[in-house]
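Report on the structure given below.
Each chain gets a letter, A, B and so on, in the order the sequences are listed, and its residues count up from 1. For clarity, every value in this text was computed on a predicted model and none was experimentally measured.
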Amino acid sequence: MQRIGVFVCHCGTNIAGTVDVKKVVEMAAHEPGVVHAEDYAYMCSEAGQEKIHKAIKEKKLTGLVVCSCSPRMHETTFRNAAEKAGLNPYMVEIANIREHCSWIHKDMEEATEKAVILMRAAVAKVNLDAPLKPGESKVTKRALVIGGGIAGIQTALDIAEAGYPVDIVEKTPSIGGRMSQLDKTFPTLDCSSCILTPKMGEVNAHPLINIYTYSEVESVAGFVGDFTVEIRKKARSVDMNKCTGCGLCQEKCPSKKSLSEFNRGLSTRSAIYTPFAQAVPNVPVIDRDACIKFKTGKCGICSKVCQAGAIDYDQKDEIITEKYGAIVVATGFDMIKLDRYDEYAYSQSKDVITSLELERIMNAAGPTGGHLERLSDGKAPKEIVFIQCVGSRCADDRGKSYCSKICCMYTAKHAMLIRDKYPDTNVTVFYIDVRTPGKNFDEFYRRAVEDYGVNYIKGQVGKVIPQPNGKLLVQGADLIDSKQILKEADMVVLAAAIEPNEGVRKIATMLTASIDTNNFLTEAHAKLRPVESPTAGIFLSGVCQGPKDIPETVSQAGAAAVKAIGLLAKDKLLTNPCTAHSDELLCNGCSQCANVCPYGAITYEDKEVNDHGIRETRRIAVVNDALCQGCGACTVTCPSGAMDLQGFSNRQILAEVDAICR
Amino acid sequence: MKTEKNRAEMIKEISGVNPLKCMKCGKCSASCPSYNEMDIKPHQFVSYVINEDIESLVNSKSLWKCLSCFACVERCPRDVKPGKLIDAARQIVVRERGNTYLDPDEIPELIDPDTPQQLLVSAFRRYRR
Amino acid sequence: MKYSYYPGCTLKNKAQDLDHYARISAEALGFELEEISEWQCCGGVYPLGTDEIATKLSSVRALNDAKEKGQDLVTLCSACHHVIKRVNDDMKNVDDIRTRANNYMALDEPYAGETKVLHYLEVLRDVIGFDELKKKVTNPLKGKKIGAYYGCLLLRPGKLMAFDDPENPKIMEDFIRALGAEPVIYPYRNECCGGYISLKEEDMSKEMCRKIEKSASGFGADMLITACPLCMYNLNKNNGDNLPVYYFTELLAEALGLKEEVEEQ
Amino acid sequence: MSIEKNEEFRPKIVAFCCNWCSYAGADLAGSSRMSYSADVKIIRVPCSCRVNPMFILRAFERGADGVIMCGCHPGDCHYTSGNFYARRRMTLLFSMLDYIGVENGRTRVEWVSAAEGAKFSQTMHEFVDKITSLGKNVRLEDLRCRN
């Protein structure tokens, strides 16, 4: 029989405000095995833990139930406290009477009744707890960063600087990401590529960083400290070792009609291409869908002009298998598609563009050589209208429910840059709210208004109406002046919502990392663990976790790196001892458990067993504790009931069921 | 006599609209083809309901200027459907006996030989009980 | 292929052309419109109030009639289409309305939105196919530059009507192309003509129609087509006769070579 | 402490929640103060695939009026595929329960992610309403287990 202590936390008034904690203590005393019960204002505090320590010693407790907040908050705290007092940490159970009780119920009697039941279920479970000992697993001292934008670059640099090797996997032919497409950055108007390219160069030159561009993660197996990842290196059709990056192939390539991804489809590129001049690596790829050689078999000009003999039409996709201790996701974002916002005439007029397209138009390396001009007729626009929140803050399924966060600032930047460079061009911004929290952000926005004369109108635009003369009639509301405005513009720029890169869900699935309905990866704790996934060993960097600007992304990238370094610095990790085990007397070796095990943790051994005096050799399932992650799939599959899960055994869960239904 | 609170509740119930969802972006007013004819503007309807000033609403000429063209309903990013609120306010008026915006006696004056039946049917349904 | 057909009040009267040309074209295209017996007027506008039941019953009767015959229900007039499609959606998805309407109707078997409601244009697009229609055109309307006028009721609310992209539709443009003419895309094609407001606020409707026509002719249209008798009325009334307006079915009949025959009769 | 409230039927509802998504979703409902009925009691399991049909039958036997199982969204399982196994098992179990006369509405599977506090609360509201309308589970309760 266990000697159980029950500790009920008030959590200030968080619990005690709706749960009669004294009553819970009183009821606990009647539960089987309970030899001690007390309450305290803050069980997690030093003083609270001291109470636990004292009770374990004095009452010779063998098990603890702490009625407090979610085990996801303080289970570790209380396990450590138990361990310090000489009790096996797995003899602790938490009754969640805060998140699952006091915070959601108002009626004191009802909440107290429920808290008692939850306490009772925890007592029933701890009665059947057995001491468990975690195993150890190794840590592969190498990190993988998925995504080669500014987030991935910064994380990789920080990890490598701490002395650990890092691989970056980037889907496109070059690292650089969205930031490489930007012209200037807020709030200081630095030239984006001027501050990014040195970092790209640094990553490229770093002896501990290895970059796989034009590559994707194919599969992930394993777990924290010991991931095995397959990376598909797509056939570049150009030998990375031979290519000198002279660019002659691109110049001579006769297929020049493909839309440039880098320029957001506003210009064309050749079939063999590097996305932009400063690309890293400066080695082109052949777009096989566009290449004449691949389509018809005739051509081969690039191969003929290449002095280095680097063109290799027979190159195949290559699968690289590598082990990693930590994985950082930095997959970034894209703008939403605007095909469901055609009231803004995006698909009906070339002069209605997105902000990212404007970045390319303003950029010297962009489709117009940096001249601000209309894409329809090449004329300089004299009236430009910006529309904010296109697809952001939407309650319907057309757009996104969240604020994209960066649009207010980049629009102020665009407006300011245009007014600065083209003083005779008027700029109007239709906004719902101007959101500028951030150092020097509001000052920046005010400068756009006060020093550059940008016309901000509070109100949304209802419709952009292309006119026969090529102008765009913008029909909007001015809510402050109570007017409906009809404004003739030469160009309309839409601040389209941003969304996580489309491949991220697939990656999250491979990593078994949580992801929300908007495809942002979920952090382990919204406030206290913002750069970690709940899945151990997976870290989050940049917009894949939520909208953020460059300074925030860089900060988070550093934070993710530190968390990864903290993991890589360990020589061994303790494994979760809640693993499956088979009862060799019940197991009939049918293999069903091995079939459902996602980790390949179950093997079979011929073992001699003594079944009620009959000695015989039987085929028995054996679980490898280092591989088992404790999901329990095998326990339910097992037809003979031989498999059970430590810490969540059949008897324990049934005892909880019984306690709740009692 | 119903209180303003009652009538505000009635409008919410008839329309099925939750005015609290509005974020005051003004896209309804930006889209409305009748905007200039309205004294209370489409984006202001929610405030009148929230503030329970239904008297002003039912006396507003906006009720009779709305075309039910659903441009505001289609484009509202918050799923507030201002057009339905306006219609609910109109319903409150026409459901009170004797209140109508269209009298059968007016009809001969208003029609011509080409007037389609549809026009009269629609107008009757929107303007009368 | 046989469809239940709901003509609606105006098509029996002021808009007989819309109805007539639709019927003879259907015959030529190999589908049959079987008029629902004893249909009643749909009311012209969809009752927006969530507590309105009585005003929706005529639509439910038509829908149930089609259900009993096991046919899809085809409509022509934009207003009827709008009302019937939305009532059908209510019957399918809104428990309260379905229960109360069925209590009222006391049908043998309760109606729960089983009937599929199709606009005539949807039949052409989704059943016949515009490519197939093109093959059947004997008298292509070459050289005609036609602006499609959608108005509001066919398209909105986009999610419920599920007719086409409410802000950038193309069904009528594809239809015009199939007839051998050139569609003119202009931004006011989904803006309201004023609808019922023209009865008491003539000036408002006039202003709206003027914008529509100016936009269409500005982009080079020399005629408009519509599916709605009220749009037709408003546009014609407020139009300096610069831009003729036709029912889409009339042009369909013309392209199929059926129009002369009719006129000769 | 069996507080018999004779004036109204208060159902006993057991919710099995996987540790990674649904339990976290319930935590989020809690920290966001999105209330739901106190009749729901949650049991934490590592994964929905840990839920043995036996647990559900036991709950009904011991007088539960409804049992709901929540897991990660299909494809998002922390253990890759656990919720697929769970889904298949529950489909079979529920049709068997239906066959022996336990109304389908007494059992439910719902996918709730860690970010869906509102969905968790909403789901529990609906489920409690459903069970309340179905009334007491009389089909499987073993009266000998009553105390």
Is it the backbone or the side chain of [X] that comes under 4.5 Å from a heavy atom of chain A, or both, or neither?
X	result
D:Arg89	side chain
D:Val45	both
D:Tyr36	both
D:Val51	backbone
D:Ala24	both
D:Tyr23	both
D:Ser31	both

Taking C-beta and beyond as the side chain, do [X] and [Y] meet within less than 4.5 Å on heavy atoms?
X	Y	value
D:Thr80	A:Met510	no
A:Arg98	D:Asp27	no
D:Met54	A:Leu654	yes
A:Ile653	D:Phe16	yes
D:Lys12	A:Ile660	no

Contact leader toward chain A among [options], where contacts are heavy-atom pairs under 4.5 Å:
options	answer
D:Met34, D:His73, D:Lys41, D:Glu116	D:Lys41
D:Val14, D:Ile42, D:Val40, D:Asp39	D:Ile42
D:Pro46, D:Cys47, D:Ala115	D:Pro46
D:Gly82, D:Ser32, D:Ala59	D:Ala59
D:Gly75, D:Cys21, D:Ala29	D:Gly75

[X] to [Y] - nearest heavy-atom pair and separation:
X	Y	answer
D:Trp20	A:Pro534	CZ3-O, 3.2 Å
D:Asn52	A:Thr635	ND2-O, 4.2 Å
D:Gly30	A:Trp103	O-CB, 3.4 Å
A:Ser649	D:Arg50	C-NH2, 3.4 Å
D:Ala26	A:His100	CB-NE2, 3.4 Å
A:Thr522	D:Ala114	CG2-CB, 4.4 Å

Take atom NZ of D:Lys136 as the centre, draw a 6.0 Å sphere, and report whether it contains more than 12 heavy atoms from other residues, nucleotides or ligands.
yes
Quick one: pull up [atom1] in [X] and [atom2] in [Y] and give me the separation to the nearest 0.5 Å.
X	Y	atom1	atom2	answer
D:Arg33	A:His105	CZ	NE2	13.0 Å
A:Cys631	D:Asn19	SG	CG	12.5 Å
A:Arg72	D:Leu28	CZ	CG	9.5 Å

Residue part contacting chain D, namely of [X], when any heavy atom lies under 4.5 Å:
X	value
A:Ala633	both
A:Asn14	side chain
A:Phe520	neither

Strictly below 4.0 Å, N to O, side chains only: are A:Glu113 and D:Arg10 in salt-bridge contact?
no
Taking A:Thr637, A:Leu511, A:Asp516 one by one, which has the highest count of heavy-atom pairs under 4.5 Å against chain D?
A:Thr637
Walk me through it: do D:Tyr85 and A:Val636 pass the test side chain to side chain contact (heavy atoms under 4.5 Å, CB included)?
CA-CA 9 Å; D:Tyr85 297 129; A:Val636 185; over 6 Å; no
For a salt bridge (charged side-chain N to carboxylate O under 4.0 Å, His left out) with D:Arg44, tell me which candidate from A:Glu656, A:Glu75, A:Glu93 qualifies.
A:Glu75
For D:Gln122, all residues meeting side-chain hydrogen bond (donor to acceptor under 3.5 Å, both in side chains), sequence neighbours excluded
D:Glu126
Partner set under salt bridge (Lys or Arg N to Asp or Glu O under 4.0 Å) for A:Arg505, not counting sequence neighbours
D:Asp76
